[in-house]
Amino acid sequence: MFHTESYIDHESVDSNQHMVSLAGKMEDRDIVVWAVWKDRELLVKNRERLRKWFTDEMGAAIEKGETEVKRELMRICSGMGCRMYLYYGQKLFRAGERVEEGEFSMDSSLGAGLHKEGTAEMPPLEEELRRMRNELTTGNACVSENREREIQALGNIWQQNIMDCIAEDSLSYAYFMLWEAR
């Protein structure tokens, strides 16, 4: 699995100050968890707790099914004061305050989650995702080692688009996650 993510606001483009992503495999399926904090201090305070949850507790919830996954995500994100996203088995689960406002698109191998707060419309992001989807249908994208670079390049385009919107003061902040399952 390849993935990239970014958080952008008026003060930061450093995702490490606002996002933690953890990836692995379970039952031979890719799994990724993203946690997003607006408050950097909460990230520092909860980073190790999130890793411990990912390695020790999350698997038990997944084995019990979707309802338990959603309940577990709500429990852990409420305790840590973050928004959480979990990709597993070609599904994205979300939990936390107003995560339903994020946009989401996915096909059999490519996924993208975007959350934005502010007035800006960002059609270039959707156009780039459409372009990448078209590329996926014309070749065997999932086996090429170059895909990681393409995911990163798409992430760079999205990051620049969001930075432009923030510079125009039409967004307060935004973040996204992009992934491709092999």
Side-chain angles (χ1 to χ4, degrees), residues 1-24 31-54 58 70 72-88 91-106 110-133 148-180:
M1 165 166 286
F2 308 122
H3 65 92
T4 189
E5 52 277 328
S6 190
Y7 178 102
I8 304 107
D9 63 22
H10 287 278
E11 299 174 357
S12 176
V13 292
D14 184 356
S15 299
N16 292 331
Q17 295 181 19
H18 294 276
M19 298 180 78
V20 173
S21 60
L22 303 169
I31 187 164
V32 183
V33 168
W34 294 273
V36 185
W37 288 269
K38 278 182 73 174
D39 183 343
R40 299 174 203 177
E41 291 175 9
L42 283 176
L43 181 148
V44 172
K45 178 181 170 185
N46 289 295
R47 183 189 316 257
E48 287 310 312
R49 182 176 168 203
L50 179 68
R51 286 176 205 234
K52 183 163 177 40
W53 170 80
F54 183 78
M58 184 196 56
K70 291 174 185 173
E72 180 66 5
L73 284 180
M74 279 305 294
R75 179 188 74 81
I76 200 74
C77 80
S78 296
M80 289 194 234
C82 65
R83 294 177 180 156
M84 291 193 69
Y85 301 82
L86 183 147
Y87 167 80
Y88 178 72
K91 291 185 181 175
L92 183 71
F93 301 92
R94 299 180 280 188
E97 180 187 1
R98 296 190 338 216
V99 292
E100 70 280 357
E101 292 178 0
E103 300 169 27
F104 173 65
S105 301
M106 193 169 97
L110 176 69
L114 168 69
H115 182 89
K116 57 186 177 167
E117 292 196 10
T119 58
E121 293 295 320
M122 293 185 282
L125 304 184
E126 292 183 15
E127 185 56 40
E128 287 301 327
L129 185 58
R130 242 189 317 280
R131 180 190 62 75
M132 193 163 190
R133 255 208 207 108
E148 187 168 14
R149 285 192 288 275
E150 285 197 41
I151 291 284
Q152 189 63 53
L154 180 57
N156 291 340
I157 291 167
W158 281 36
Q159 186 177 65
Q160 185 61 56
N161 289 338
I162 293 169
M163 287 172 68
D164 291 345
C165 289
I166 287 175
E168 295 167 6
D169 279 338
S170 53
L171 270 184
S172 56
Y173 74 98
Y175 57 85
F176 65 82
M177 299 83 66
L178 285 166
W179 69 93
E180 183 183 11

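Leu50 contributes atom CG, which lies 5.0 Å from atom CG of Leu22 (distance to the nearest 0.5 angstrom). To the nearest 0.5 Å, atom OG of residue Ser6 and atom CE of residue Met163 are 8.5 Å apart. The CG atom of Asp14 sits 10.5 Å away from the CG atom of Asp9 when rounded to the nearest 0.5 Å. Here the straight-line distance linking atom CD1 of Ile162 with atom CG of Leu114 works out to 5.5 Å at 0.5 Å rounding. Atom CD of residue Glu11 and atom CD1 of residue Ile166 lie 11.0 Å apart, to the nearest 0.5 angstrom. We find the CG-CG distance between Asn156 and Asn161 to be 11.0 Å, quoted to the nearest 0.5 Å.
Not a single side-chain contact (heavy atoms from CB on, under 4.5 Å) links Ala153 to another residue, sequence neighbours left out. A search for side-chain hydrogen bond (donor to acceptor under 3.5 Å, both in side chains) contacts involving Lys52 returns Asp56, not counting sequence neighbours. Every side-chain contact (heavy atoms from CB on, under 4.5 Å) that Ser172 has, sequence neighbours left out, goes to Glu117. Under the salt bridge (charged side-chain N to carboxylate O under 4.0 Å, His left out) criterion, Glu72 pairs with Arg75, sequence neighbours left out. Partners of Tyr88 according to the ring-ring contact (aromatic ring centres under 6.0 Å, His included) rule, which considers only residues two or more places apart in sequence or in another chain, do not exist here.
Contact annotation: the side chain of Ser12 approaches that of Arg40 to within less than 4.5 Å [non-hydrogen atoms, C-beta and beyond]. With contacts defined as side-chain heavy-atom distances shorter than 4.5 Å, the pair Met19/Tyr175 qualifies. Between His115 and Arg94, every side-chain heavy-atom pair lies at or beyond the 4.5 Å cut-off.
Taking a cutoff of 4.0 Å between a charged side-chain nitrogen and a carboxylate oxygen, Glu97 and Lys38 do not qualify as a salt bridge.
Taking each heavy atom of Thr4 and Gly155 in turn, the nearest pair found is CG2-CA, 4.2 Å. Annotation for Gly96 and Met74: closest pair N-SD, 3.7 Å, computed over non-hydrogen atoms. A pairwise comparison of heavy atoms in Trp37 and Gly81 identifies CD1-O, 3.2 Å as the closest pair.
Between Tyr87 and Trp179, the ring planes are tilted. Angles from 30° to 60° get that label. Relative orientation of the Trp158 and Phe176 rings is perpendicular, given thresholds of 30° and 60° on the angle between their planes.
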**OP:** Evaluate the criterion side chain to side chain contact (heavy atoms under 4.5 Å, CB included) for residue pair Met1 and Ile31; output intermediate values, then yes/no.
**Re:** CA-CA 9 Å; Met1 165 166 286; Ile31 187 164; over 6 Å; no
**OP:** With side chain to side chain contact (heavy atoms under 4.5 Å, CB included) as the test, would you mind laying out the steps for Val36 and Glu5 before giving the verdict?
**Re:** CA-CA 10 Å; Val36 185; Glu5 52 277 328; over 6 Å; no
Exercise answer: donor-acceptor pairs, residues 42-49 side-chain atoms, under 3.5 Å, sequence neighbours excluded:
residue	atom	partner	partner atom	Å
Asn46	ND2	Leu42	O	3.0
Asn46	ND2	Met80	O	3.3
Arg49	NH1	Gly79	O	3.3

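Between the side chain of His3 and the backbone N or O of Leu178, no donor-acceptor pair lies under 3.5 Å. Between the Ser21 side chain and the Trp34 main chain, no donor and acceptor come within less than 3.5 Å of each other. Remark: the backbone N or O of Ser170 is paired with a side-chain donor or acceptor of Thr119 at under 3.5 angstrom.
With 3.5 Å as the limit, one finds a donor-acceptor pair spanning the side chains of Asp164 and Gln160.
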